[in-house]
Participant: 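My questions will all concern the structure given below.
All values reported here derive from a predicted model rather than from experimental measurement. Numbers here are sequence positions counted from 1.
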Amino acid sequence: AVIKTYKPLTLTHVPVERGYNACNAYCHRDIIRICDSGMDRYIWLSKKQGEIKLDAPKKQGKVANDYIKLELIPKDEYAELAIKIPNTVSNFENLNIPEFSECVKMAQKDFDDWNKKVNPKTELQYTASYILWCNTVSKMGNYKDDVILCSKRVMDATWAWDNVFMALGIAKSFPEMAFYQFMIFYDNLDEFGAMADYITPSFISRLFVKPPVHGFVYRWCMEKNPYFSDIKQIKRIYTPMKKNTMWWLNCRGEWPYTW
């Protein structure tokens, strides 16, 4: 991604507190690397135009910075900042990101191609289509295929049972992708059949469980697209769906759940 600004812009990184805090930032060869321990991911920043100043004080003996603040200063009318969120610490100097205008064209074409399949008819459908497209991320780590997140801001993960509602929204237009929204959780059941609460590229949470509504939604997907009735998909999804349903009926006890 690329940020473009025509006036000074201050960016403040606010880490999500999830226990141990080791969020820190440093600059190496004009590339700023932020390690966000709360979200288990790296953020790499590189100026393409203008100047960037890093303010990240750290108390002696501490791993985490007190705060992380960036100032982007235009030069020759504007400033551009390249942003990359990788899944590894390796080769962080390879930030081959196009110019801002090219990024805009690429994103617009991708959304246009998406809408050709979704074919929204009303403003509400168009907005819903945009939200689904905007929150889609490519395979990375635990994500073996494209995944639709609940949000890219706070709930930046795929959550059981939200995942099946995402699948329902694209079942007619993108059946393979919709099918994977089911399977990412079925592929990660525990040995007893309990489903994870949420999954990120680097973490699987099992703090809560969800009622097994997935079969109901899968039936609706079958009505939308014959892909879901194909014997290959049925064979693949039936066993883990049954295992999770039986766990809920026979093994859950008083295990906490959320709706």
Participant: Please check this pair: side chain of Asp110 against backbone of Met106, looking for a donor-acceptor N/O pair closer than 3.5 Å.
Facilitator: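 A pair under 3.5 Å: no.
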Participant: Test Glu80 against Lys47 for salt bridge (Lys or Arg N to Asp or Glu O under 4.0 Å), laying out the working first.
Facilitator: CA-CA 6 Å; Glu80 283 190 2; Lys47 66 176 182 179; over 6 Å; no
Participant: So which of Tyr186, Tyr238, Phe182 actually passes ring pair (Phe, Tyr, Trp, His ring centres under 6.0 Å) with Tyr218?
Facilitator: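 The single option meeting the ring pair (Phe, Tyr, Trp, His ring centres under 6.0 Å) with Tyr218 is Phe182.
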Participant: Using every non-hydrogen atom in the two residues, find where Gln181 and Ala167 come nearest and quote the distance to one decimal.
Facilitator: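 Heavy atoms only, the tightest pair is CB-CB, 3.9 Å.
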Participant: Say whether, by atom type as modelled, one donor and one acceptor occur between the side chain of Asn163 and the main chain of Thr158 under 3.5 angstrom.
Facilitator: no
Participant: Could you measure the distance from the CG atom of Asn119 to the OG atom of Ser173? Nearest 0.5 Å is fine.
Facilitator: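 That separation rounds to 8.0 Å.
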Participant: Carefully, step by step, assess Ile32 and Leu70 under the rule side chain to side chain contact (heavy atoms under 4.5 Å, CB included).
Facilitator: CA-CA 10 Å; Ile32 294 174; Leu70 303 167; 3.6 Å; yes
Participant: Has Asn244 got a side-chain atom pairing as donor or acceptor with Pro240's backbone, closer than 3.5 angstrom?
Facilitator: no
Participant: Quick one: do Met183 and Val213 end up in the same hydrophobic cluster if we chain Ile, Leu, Val, Met, Phe, Trp and Tyr together by side-chain heavy atoms under 4.5 Å apart?
Facilitator: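 Looking at the clustering, Val213 is in the same group as Met183.
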Participant: Say whether, by atom type as modelled, one donor and one acceptor occur between the side chain of Gln49 and the main chain of Lys75 under 3.5 angstrom.
Facilitator: yes
Participant: Show, in sequence, the C-alpha distance, side-chain angles and deciding distance for Val147 and Thr136, and conclude whether the side chain to side chain contact (heavy atoms under 4.5 Å, CB included) test is met.
Facilitator: CA-CA 6 Å; Val147 165; Thr136 299; over 6 Å; no
Participant: State whether the side chain of Asn142 and the backbone N or O of Thr200 hold a donor-acceptor pair below 3.5 Å, judged by distance alone.
Facilitator: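 Side chain of Asn142 to backbone of Thr200, a donor-acceptor pair under 3.5 Å: yes, one is there.
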Participant: If only side-chain N and O atoms count, and only distance matters, is there a donor-acceptor pair under 3.5 Å linking Asn115 with Ser129?
Facilitator: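 Short answer, yes.
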Participant: Where does the angle between the aromatic ring planes of Trp159 and Tyr198 fall among parallel (under 30°), tilted (30 to 60°) and perpendicular (over 60°)?
Facilitator: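 It falls in the tilted class, 30° to 60°.
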Participant: Quick check: closest heavy atoms across Pro74 and Pro8, and the distance to 0.1 Å?
Facilitator: CD-N, 3.7 Å
Participant: Is any side-chain heavy atom of Val137 closer than 4.5 Å to a side-chain heavy atom of Asp146?
Facilitator: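 Counting from C-beta outward, Val137 and Asp146 never come under 4.5 Å.
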Participant: Heavy-atom distance under 4.5 Å between the side chains of Ile83 and Ile43, does that happen here?
Facilitator: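 Answer yes - side chains close enough.
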Participant: Applying a strict under-4.5 Å side-chain criterion to I, L, V, M, F, W and Y, I'd like to know whether Tyr67 and Leu9 cluster together.
Facilitator: no
Participant: So which residues get pulled into Tyr130's cluster when ILVMFWY side chains under 4.5 Å apart are joined, directly or through others?
Facilitator: Phe111, Trp114, Val118, Tyr126, Leu132, Trp133, Ile148, Met166, Ile170, Phe174, Met177
Participant: From Cys27 SG over to Leu54 CG, what is the distance, rounded to the nearest 0.5 angstrom?
Facilitator: 6.5 Å
Participant: Counting N and O atoms only, with roles assigned by atom type, does the side chain of Gln108 sit under 3.5 Å from a partner on the main chain of Val104, one being a donor and the other an acceptor?
Facilitator: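 Flag not set: sc Gln108 to bb Val104 has no pair under 3.5 Å.
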Participant: For Glu191, does its backbone N or O pair with a side-chain atom of Lys243 as donor and acceptor, under 3.5 Å?
Facilitator: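 Indeed, once roles are kept as given, a pair shorter than 3.5 Å links the two residues.
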Participant: After noting the C-alpha distance and the side-chain angles of His214 and Met195, does the key distance pass the side chain to side chain contact (heavy atoms under 4.5 Å, CB included) rule?
Facilitator: CA-CA 11 Å; His214 306 75; Met195 185 173 285; 3.4 Å; yes
Participant: Given 3.5 Å as the limit, does a donor-acceptor pair link the side chain of Lys69 with the main chain of Thr10, or not?
Facilitator: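 Between the backbone of Thr10 and the side chain of Lys69 there is no qualifying donor-acceptor contact (under 3.5 Å).
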Participant: Is any side-chain N of the basic residue among Asp66 and Lys58 closer than 4.0 Å to the acidic one's carboxylate O?
Facilitator: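 Result for this pair is no, no salt bridge flagged.
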Participant: Give a yes or no on whether the backbone of Ala25 and the side-chain of Asn65 come within a donor-acceptor separation of less than 3.5 Å.
Facilitator: yes
Participant: Is there a side-chain contact between Phe192 and Cys251 in this structure, where contact means two heavy atoms from C-beta onward sitting under 4.5 Å apart?
Facilitator: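 They are not in side-chain contact.
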Participant: Between Val164 and Leu168, is there a side-chain heavy-atom distance shorter than 4.5 Å?
Facilitator: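 Side-chain contact under 4.5 Å: no.
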Participant: Measure across Asn135 and Cys150 and return the closest heavy-atom pair with its distance rounded to 0.1 Å.
Facilitator: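 Asn135 and Cys150 have their closest heavy atoms at ND2-O, 3.9 Å.
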Participant: Locate the shortest heavy-atom distance separating Leu149 from Lys152; write the atom from each residue and the value.
Facilitator: CD1-CG, 4.2 Å
Participant: For Tyr143, is the NZ or CZ atom of Lys139 found under 6.0 angstrom from the centre of its six-membered ring and inside 45 degrees of the ring axis?
Facilitator: no
Participant: Drop me the distance from Asp197's CG to Ser205's OG, to the nearest 0.5 angstrom.
Facilitator: 4.5 Å
Participant: Just verifying a value: how many Å separate Asp145 CG and Ile184 CD1, rounded to the nearest 0.5 Å?
Facilitator: 9.5 Å
Participant: With a 4.5 Å cut-off on side-chain heavy-atom distances among I, L, V, M, F, W and Y, is there a chain of contacts connecting Val2 to Tyr78?
Facilitator: no
Participant: Determine the minimum heavy-atom distance between Ile3 and Phe100, stating which atoms define it.
Facilitator: C-CD1, 4.4 Å
Participant: State yes or no: do Ile131 and Met155 share one hydrophobic cluster built from I, L, V, M, F, W and Y residues joined by side-chain heavy-atom distances below 4.5 Å, directly or via other members?
Facilitator: no
Participant: Ile73 vs Ile52, test: side chain to side chain contact (heavy atoms under 4.5 Å, CB included). Steps then yes/no.
Facilitator: CA-CA 6 Å; Ile73 304 171; Ile52 184 171; over 6 Å; no
Participant: Show the atom names and distances, to 0.1 Å, of all donor-acceptor pairs under 3.5 Å that link a side chain in residues 220-231 to residues at least two apart or in another chain.
Facilitator:
residue: Asn225; atom: OD1; partner: Tyr227; partner atom: N; Å: 2.9
residue: Asn225; atom: ND2; partner: Ala171; partner atom: O; Å: 3.2
residue: Asn225; atom: ND2; partner: Lys172; partner atom: O; Å: 3.2
residue: Asp230; atom: OD1; partner: Lys232; partner atom: N; Å: 2.8

Participant: Any side-chain heavy atom of Ile34 within less than 4.5 Å of one from Ile68?
Facilitator: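 Yes, their side chains come closer than 4.5 Å.
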Participant: Write down the atom of Tyr180, the atom of Lys144, and the distance for their closest heavy-atom approach.
Facilitator: OH-N, 2.8 Å
Participant: Does Phe185 have any ring-ring contact (aromatic ring centres under 6.0 Å, His included) partners at least two apart in sequence or in another chain, and if so, which?
Facilitator: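 Expected list: none.
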Participant: A quick test of your reading: do over 12 heavy atoms of other residues, nucleotides or ligands sit less than 6.0 Å from NZ of Lys117?
Facilitator: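 No, NZ of Lys117 has 12 or fewer neighbouring heavy atoms, counting only those of other groups under 6.0 Å.
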